[in-house]
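Comments concern the structure below.
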Amino acid sequence: MTRTTTALSAALALLTGLVLGGCSSTGPAGGKPRLEVGGAFIPEPVNADMAGGFLTVTNSGDAGDTLTSVTSDLSDDVQLHETRDRKMRQVESFDLPAHGELRLERGGSHLMFMDLKRTPKRGDKVRVELHFEESGPIEVEIPVEARTHDPRRSGGHTTHGHRHRSPQQHDGTRH
């Protein structure tokens, strides 16, 4: 009887280990964010003091993330701004849901480059690094477009169902 009890206990322990191991979130997807940046642009600034920046971060991963800050070669003070009730205010971060998007666009949430080191001109590229709570930083070169550029009207850099991906774009996985 003791052999049967011992064998049964060992089998139960093995089965419990297999079941618990199957519930782990460390598999291939691992419940991690998978980020991609598209449609980025900076309209040529009207003055030499500040500029706005727009882009979309798409998360195809099973976990959300948070954009916590942005650094750039254009400014030492890049702020995250949201627009609510036609009022703009600085915020500390932007949430990015699992299987969702963070759209930084005209009239809504956006980046503000304050105290510019130089005045970017149409055709220039501005290097930025997006910093996230969970994912590694993503480096992007953002083109400077005409002051009136609006990808919603002109087709822009992003098309429905297809995103252009450059070497500066990153899927959010750590290396």
Side-chain angles (χ1 to χ4, degrees), residues 33-61 64-97 99-175:
R34 290 188 49 82
L35 310 180
E36 181 176 290
V37 176
F41 73 97
I42 294 173
E44 187 174 35
V46 191
N47 62 53
D49 297 329
M50 67 180 82
F54 309 99
L55 53 84
T56 299
V57 183
T58 304
N59 181 2
S60 61
D65 209 339
T66 302
L67 177 64
T68 57
S69 67
V70 178
T71 55
S72 174
D73 66 342
L74 181 61
S75 169
D76 290 330
D77 183 14
V78 183
Q79 300 176 2
L80 307 176
H81 283 196
E82 72 175 4
T83 303
R84 288 206 178 168
D85 301 322
R86 298 189 318 204
K87 293 181 182 171
M88 184 174 59
R89 71 179 181 105
Q90 185 176 354
V91 295
E92 294 295 315
S93 62
F94 287 123
D95 290 331
L96 178 57
H99 302 285
E101 286 185 329
L102 168 61
R103 290 178 136 329
L104 302 182
E105 56 191 354
R106 290 181 183 266
S109 299
H110 58 278
L111 304 177
M112 282 301 298
F113 298 83
M114 311 300 285
D115 301 319
L116 302 179
K117 296 177 183 179
R118 66 183 186 285
T119 305
K121 301 289 181 206
R122 185 175 180 184
D124 290 350
K125 298 227 187 259
V126 175
R127 285 181 297 139
V128 300
E129 190 170 90
L130 306 170
H131 302 270
F132 296 89
E133 193 170 270
E134 299 296 325
S135 302
I138 299 175
E139 292 182 6
V140 182
E141 279 194 341
I142 301 179
V144 178
E145 301 287 356
R147 289 183 178 121
T148 57
H149 178 75
D150 187 347
R152 296 173 293 190
R153 288 185 284 167
S154 65
H157 296 107
T158 306
T159 58
H160 295 286
H162 183 264
R163 293 203 180 274
H164 298 281
R165 189 176 169 111
S166 69
Q168 292 81 22
Q169 294 173 330
H170 189 276
D171 69 1
T173 55
R174 294 180 194 242
H175 298 286

Check: residues 82-91 side-chain donor-acceptor pairs under 3.5 Å, at least two apart:
unit_1: Glu82; atom_1: OE2; unit_2: Arg89; atom_2: NE; d: 2.8
unit_1: Glu82; atom_1: OE2; unit_2: Arg89; atom_2: NH2; d: 2.5
unit_1: Thr83; atom_1: OG1; unit_2: Gly108; atom_2: O; d: 3.3

Locate the shortest heavy-atom distance separating [X] from [Y]; write the atom from each residue and the value.
X	Y	answer
Thr71	His131	OG1-NE2, 3.1 Å
Leu111	Leu55	CD1-CD2, 4.2 Å
Gly53	Ile42	CA-CG1, 4.1 Å
Asp65	Glu134	OD1-N, 2.8 Å
Pro43	Val144	C-CG1, 4.4 Å
Glu141	Pro143	O-CD, 3.7 Å

Mind checking the [atom1]-[atom2] spacing from [X] to [Y]? Nearest 0.5 Å is all I need.
X	Y	atom1	atom2	result
Ser109	Leu102	OG	CG	7.0 Å
Leu96	Leu67	CG	CG	8.5 Å
Arg118	Ser75	CZ	OG	10.0 Å
Leu35	Thr58	CG	OG1	9.0 Å
Thr119	Glu44	OG1	CD	9.0 Å
Met114	Gln79	CE	CD	5.0 Å

Tell me, please, which residues at least two apart from Glu105 pass side-chain hydrogen bond (donor to acceptor under 3.5 Å, both in side chains).
none
Would you call the rings of His149 and Phe41 parallel, tilted or perpendicular, where under 30° means parallel and over 60° means perpendicular?
perpendicular
Measure up the His81 and His110 rings against each other and bin them: parallel (under 30°), tilted (30 to 60°), perpendicular (over 60°).
perpendicular
Contact check, side chains of Val128 and Val78, non-hydrogen atoms, under 4.5 Å:
no
Decide yes or no for Leu116 and Pro45: does some side-chain heavy atom of the first lie under 4.5 Å from some side-chain heavy atom of the second?
yes
Check this for me, if you would: do Lys125 and Asp73 make a salt bridge, where the nitrogen-to-carboxylate-oxygen distance has to be below 4.0 angstrom?
no
Exam field: side chain Arg122 to backbone Arg147, donor-acceptor pair closer than 3.5 Å
no
Can you tell me if His99 uses its side chain to pair, donor with acceptor, with the backbone of Asn59 under 3.5 Å?
no
Worked check of side-chain contact (heavy atoms from CB on, under 4.5 Å) between Val57 and Phe94
CA-CA 11 Å; Val57 183; Phe94 287 123; over 6 Å; no
Checking Asp49, Asp77, Asp76 against Lys117 for salt bridge (charged side-chain N to carboxylate O under 4.0 Å, His left out), the one that qualifies is Asp76
Would you say Arg127 has more than 12 foreign heavy atoms packed within less than 6.0 Å of its CZ?
no
